[in-house]
Participant: 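Let me give you the structure first, and then I'll get to my questions.
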Amino acid sequence: MNTQKSLCIGLSLSPTWLSTKNEKNQDVNKALILSLPYYMNLAKRAEVAKLDFLFRPDALFLNIDILNQSPAFGGLDPSILIAAIAQETDYIGFISTLSTLFYPPFIAARQLQSLNWITQGRIGWNIVTALKGQENFGQKVLPDSQERYEIAKEFTQILEALWQSYPHSSLENKGRADRVQQPIKPIEHQGCFFEVQGPLNIPAYPAKIPYFQAGASEAGRDFAASTADGIFAATPDIDSAIEFRRDIRERAQQMGRDVNSIRVLPGLSFYIAATREEAYQCFEQQHTTPDFNRQFRYIESLIGINLSSLSLDTIVTEAMIQTDFNSSYSQTHAQLLRRFICRNQPTVKALLASPEVNGSAHWRIIGTVDDMVNEIENWSACQACDGFIALPCGSEQSLNLFLEQVIPKLQEKGLFRQDYQEQSLWERLRG
């Protein structure tokens, strides 16, 4: 009898599967990104598949350079979208993204607790510290990674204090001998970064709100290991995934946490079709471009190499990397890119096609339904993950095959649930 813990599987609400390469579909797909009925239908389909949650990533700026290739980069506000589509479902969870650098703690606490009530305990919080967007909030430069996570830590402590400041027990009938009422009281927080009086003006829902986090720097890993219930990971290969999960669990154990209560969830981008040939054609169609300038700029921002003048057949070696270059964008993605170059010495063409450059360093599968199922099974058996965030790519076919064929095959193998058991997202993550 298979006693393995069920994989935790979420689906991104950023529609990565909507292609912009086909001119006839481009305007239709851009409109779908802003269509509430489209997301409502998607939520219903995801719940039929018994997925754990839908996840809405977010950024508080617009990258104009990639808008035509990735129209889903901008879109509806996560919390408002979730509030609207949650009414069409009964069990599936929802993860909303709120930045600890740009939101006031009181507003964030109220917004998340409101969603907790609206969804009846099915909301989670993706804690992001932000890598860009400071100019939209009157800031010239971002704090460094260490300070951003110090801010995130205090921000999270404030939210917990605010949720406790108006406890659910205060709603109970007074005078009942079996109920102990907790008082509503201010939090009077005065910290290094915030001053918040409280109390919150909405009571806490009985179900706790689980935390999700995606930091992979030293400061990010410490914060995730100490705080997060689910950790989104950029792990483009199984070795990096095993190392990341092992490191997170070791840190969590040193902090006194139950390591089995933490789910490490790499992003999984996939192009799947009836045959491998079709899948690779879909991938190549999406990544065939006469203009690599955006990728060249991205590589230079991470590791300081300008490859734009080199031929696509040029070998990129470790000696070309600037050892003293300090990326202002993402230390995590810079380290993964250096690792890929050192291990593979790729051509410029191969580097441009790698997940480290054009796939946010996500785990990538190109192939058939069975290829995908087998690789997921292998990663699970090797303890490289506790589940994943599904990022269907290339076309809606990848999304359809994932929901209609991949998930049932994972269920047949005993890797994923047949039905929902727990009502709240918090309980499900620990189930």
Participant: Among all residues two or more places apart in sequence or in another chain, which pass the ring-ring contact (aromatic ring centres under 6.0 Å, His included) test with F194?
Facilitator: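 Testing F194 for ring-ring contact (aromatic ring centres under 6.0 Å, His included), a comparison that skips the adjacent residues, returns F155.
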Participant: Just by distance, do the side chain of Q113 and the backbone of W163 share a donor-acceptor pair under 3.5 Å?
Facilitator: no
Participant: Do you know which two heavy atoms are closest between L112 and I209, and how far apart they sit?
Facilitator: O-CD1, 3.8 Å
Participant: Between the main-chain N or O of L391 and the side-chain N or O of S12, is there a donor-acceptor pair closer than 3.5 Å?
Facilitator: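 Such a contact is absent between S12 side chain and L391 backbone.
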Participant: Out of curiosity, I151 CD1 to T129 OG1, how far, rounded to the nearest 0.5 Å?
Facilitator: 9.0 Å
Participant: Measure from the ring center of F55 to the ring center of F232 and say whether it is less than 6.0 Å.
Facilitator: yes
Participant: Using a strict threshold of under 4.0 Å (side-chain N to carboxylate O), is an ion pair present between R245 and D386?
Facilitator: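 Looking at R245 together with D386, the answer is yes, because their closest N to O distance falls below 4.0 Å.
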Participant: To the nearest 0.5 angstrom, please state how far the CD atom of Q345 sits from the CD atom of E318.
Facilitator: 8.0 Å
Participant: Do N41 and E88 touch side chain to side chain, with heavy atoms closer than 4.5 Å?
Facilitator: no
Participant: Which atoms form the tightest heavy-atom contact between W379 and A241, and what is the distance?
Facilitator: CZ3-CB, 3.4 Å
Participant: Assess whether salt bridge (charged side-chain N to carboxylate O under 4.0 Å, His left out) is satisfied between K208 and D229, documenting all intermediate values.
Facilitator: CA-CA 11 Å; K208 293 183 67 174; D229 303 289; over 6 Å; no
Participant: Does Q87 have any side chain to side chain donor-acceptor pair (under 3.5 Å) partners at least two apart in sequence or in another chain, and if so, which?
Facilitator: none
Participant: Does C393 offer a backbone N or O that forms a donor-acceptor pair with the side chain of Q286 under 3.5 Å?
Facilitator: no
Participant: Enumerate donor-acceptor pairs with a distance under 3.5 Å from any side-chain N or O in residues 92-107 to protein atoms, sequence neighbours excluded.
Facilitator:
{"residue": "S96", "atom": "OG", "partner": "S79", "partner atom": "OG", "Å": "2.9"}
{"residue": "T97", "atom": "OG1", "partner": "R56", "partner atom": "O", "Å": "2.7"}
{"residue": "T97", "atom": "OG1", "partner": "N126", "partner atom": "ND2", "Å": "3.0"}
{"residue": "S99", "atom": "OG", "partner": "L101", "partner atom": "N", "Å": "3.1"}
{"residue": "S99", "atom": "OG", "partner": "F102", "partner atom": "N", "Å": "3.3"}
{"residue": "T100", "atom": "OG1", "partner": "V128", "partner atom": "O", "Å": "3.3"}

Participant: Do R343 and D239 have side chains that approach each other closer than 4.5 Å (heavy atoms only, starting at C-beta)?
Facilitator: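 Side chain of R343 against side chain of D239, heavy atoms only: contact under 4.5 Å found.
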Participant: Can you list every ring-ring contact (aromatic ring centres under 6.0 Å, His included) pair that touches residues 262-285, not counting sequence neighbours?
Facilitator: F270-F402, Y271-F283, Y271-H287, F283-H287
Participant: Restricting to non-hydrogen atoms, name the atom on C8 and the atom on D52 that form the minimum distance, rounded to 0.1 Å.
Facilitator: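 Scanning both residues, the minimum pair turns out to be CA-OD2, 3.3 Å.
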Participant: Kindly assign one of parallel, tilted or perpendicular to the pair Y91 and Y420, based on the angle between their ring planes and the thresholds 30° and 60°.
Facilitator: parallel
Participant: Could you tell me which non-hydrogen atom of L415 sits nearest to which non-hydrogen atom of S380, and how far apart they are?
Facilitator: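 That would be CD2-OG, 4.2 Å.
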Participant: Report the residues that fulfil salt bridge (charged side-chain N to carboxylate O under 4.0 Å, His left out) with E404, sequence neighbours left out, ordered by chain and then residue number.
Facilitator: R45
Participant: Does one side chain, of S308 or N306, offer a donor that lies under 3.5 Å from an acceptor on the other?
Facilitator: yes
Participant: To the nearest 0.5 Å, what is the distance between CZ (R297) and CG (L302)?
Facilitator: 13.0 Å
Participant: Taking E300 for its side chain and I305 for its backbone only, find out whether a donor-acceptor pair lies under 3.5 Å.
Facilitator: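 Not at all, since once roles are kept as given, no pair shorter than 3.5 Å links the two residues.
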Participant: Any non-hydrogen side-chain atom of F296 less than 4.5 Å from a side-chain atom of L310?
Facilitator: no
Participant: Short question: side chain of W117, backbone of P203 - any donor-acceptor pair under 3.5 Å?
Facilitator: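 Checked: pair present.
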Participant: Against I82, only a single residue in I118, I123, L76 fulfils side chain to side chain contact (heavy atoms under 4.5 Å, CB included); can you say which?
Facilitator: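 Exactly one pass, corresponding to I123.
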Participant: To the nearest 0.5 Å, what is the distance between CG on L42 and CG on L399?
Facilitator: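 The CG atom of L399 is 6.0 Å from CG of L42, to the nearest 0.5 Å.
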Participant: Let's go through D58 and L60 carefully: what are the C-alpha distance in whole Å and the side-chain angles of both, what is the deciding distance for side chain to side chain contact (heavy atoms under 4.5 Å, CB included) to 0.1 Å, and is it a yes or a no?
Facilitator: CA-CA 7 Å; D58 193 38; L60 295 173; 3.8 Å; yes
Participant: Looking at every non-hydrogen atom in both residues, tell me the closest pair between Y205 and G121 and how far apart they are.
Facilitator: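 So the minimum-distance heavy-atom pair works out to CE2-N, 3.4 Å.
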Participant: Would you indicate whether the side-chain heavy atoms of I85 and L13 approach each other to under 4.5 Å?
Facilitator: yes
Participant: Out of the candidates K409, K413, R276, only one should pair with D370 under the salt bridge (charged side-chain N to carboxylate O under 4.0 Å, His left out) rule; please name it.
Facilitator: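 When salt bridge (charged side-chain N to carboxylate O under 4.0 Å, His left out) is applied between D370 and each of K409, K413, R276, only K409 qualifies.
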Participant: Treating R221 as the side-chain partner and A216 as the backbone partner, does any N or O pair qualify as donor plus acceptor under 3.5 Å?
Facilitator: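 Yes, the answer is positive, given that a donor and an acceptor are paired below the 3.5 Å cut-off.
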Participant: Do any N or O atoms from the side chain of S226 and from the backbone of F223 form a donor-acceptor pair under 3.5 angstrom?
Facilitator: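 Yes, because the side chain of S226 sits within donor-acceptor range (under 3.5 Å) of the backbone of F223.
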Participant: Does a side-chain N-to-carboxylate-O contact under 4.0 Å join E218 and R251?
Facilitator: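 Yes, E218 and R251 are salt-bridged.
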Participant: So which pairs with a foot in residues 252-263 pass side chain to side chain donor-acceptor pair (under 3.5 Å), sequence neighbours left out?
Facilitator: R249-N260
Participant: Less than 3.5 Å apart, any donor N or O on the side chain of N400 or Q397 sitting next to an acceptor on the other?
Facilitator: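 No, Q397 and N400 have no side-chain donor paired with an acceptor closer than 3.5 Å.
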Participant: Taking the side chain as C-beta and beyond, is there a heavy-atom pair between T16 and S269 under 4.5 Å?
Facilitator: no
Participant: Taking side chain as C-beta onward, heavy atoms only, is E150 less than 4.5 Å from C192?
Facilitator: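 They are not in side-chain contact.
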Participant: Search all heavy atoms of Q423 against all heavy atoms of E427 and return the closest pair with its distance.
Facilitator: N-OE1, 3.7 Å
